[in-house]
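Ligands are counted one by one from 1 in listed order, and the atoms in each one are counted from 1 as well.
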Amino acid sequence: MAETFKAVKMTDRVYWVGAIDWDVRDFHGYLTQRGSTYNAYLILADKVTLVDTVKAPFFDEMMARISSVIDPQKIDVIISNHAEMDHSGALPKAIEAINPTAIYASKAGVAALEAHFHMGADIMAVADGEQVDLGGEMVTFVETKMCHWPDSMVSYLHEDQVLFSQDGFGMHLASAERFADELPQHILDDEAAKYYANILLPLSKFIVRTLDKLAGLALPIRILAPDHGPIYRTEEQIGWILGAYRTWADQEPTNRAIVVYDTMWGSTEKMAHVIIEGLTQSGVEAMLMHARGCHRSDIAAELLNCGALIIGTPTINNTMFPTIADVLTYVRGLKPLNKVAAAFGSFGWGGEAVREVNGILTDMGLDVVGDGLKIKYVPDESALAACRQFGAQIAGRMAARQAPQPK
Ligand code: FEO
């Protein structure tokens, strides 16, 4: 296997030795249409060090890539920046195969690794800011709680100026290229945003803390090496991803709206089309997504840069459509902030769905427009005029949120 899988050189002493998961399409409910990678890194310091591992089924691939550079048994140290199993699944087998002299994790990481694998391994808890001399390379550990889990930390390699950032700044993207500057920027834009929207959005206040902490430390970063997707090695792209994280975490109101809907006999769809007209004629950029045609994780990705979430559902059996319930359950968990919200839909006799959706949007803390818009059976001209007006009303609420607030 060593003949098949090779390490990728990042600096004279640092190599990528991870795995490419070309086939994964479902990452616990997130459509990973471009696959993913699980990045592990090898540092050829005097104490040879492995930073993170890979998902369990990719153990052989990681070991083969390590073997293309060095005998894995020469590894002295393993650093576990994050205990989630896409990065630690291969750790028990790696410990057995390598028998390292030291394994480091954050205090919460030590507990999480034991709770996952029950292996009784002697893992040393490192404190925030603690440094370890690897011999020719000094590493500093920086706690980054909730970026992505309580155990999350990053490791900074001083001599080579590499920041191993675990989930932070990553993306689900399988590719033959290992570096972001080898890939089209529009793909990086899409996948980085989708990753943030689906994985990190609910943790945005912790992401702000991480960004502030890293800025405060003022570590010169020549290479930013996340645990998923491509590695950043240009100043421009490192600046881009750090800036994008700041924007996504701040969730400032925008002039873009997403209308997510399902329809039974076409009435709610007609309403959706005319609400979109009302929005766009009021100067809002609007996007329409059919809940049965769009994956929930793509809806979440679109929502990231939207200032309004508008939900359309007919009433079926006294409740909302199941596809809409799916989207709402998922999006509620992502805790979007600073958004206008609205509900609409056609109904036959009860019309409970719009009320239900409005209740959920209100519980999410969004700025909900009125009681929503319900139309009985099939909309006529006056009902469609009401839809256009509803779109304009939502646009007005969005504009008010974007206006500078008086001091
Ligand atoms: Fe990629 Fe939180 O694991």
Residue that, paired with Y245, satisfies ring pair (Phe, Tyr, Trp, His ring centres under 6.0 Å) out of F206, Y195, Y196: Y196
Opening angle between NE2 in H82 and ND1 in H148, taken at atom 2 (Fe) of ligand 1, to 10 degrees: 110°
R256 and E302 ion-paired at < 4.0 Å: yes
D86: its N/O/S atom lying closest to atom 1 (Fe) of ligand 1 (atom name): OD2
Atom of E84 nearest atom 2 (Fe) of ligand 1 (restricted to N/O/S, atom name only): OE1
N/O/S atom of D167 inside 2.8 Å of atom 1 (Fe) of ligand 1, strictly under: yes
Verdict with supporting geometry, Y156 and H158, ring pair (Phe, Tyr, Trp, His ring centres under 6.0 Å): CA-CA 6 Å; Y156 179 72; H158 288 261; 4.8 Å; yes
Check: D181/T234 side-chain N/O donor and acceptor closer than 3.5 Å: no
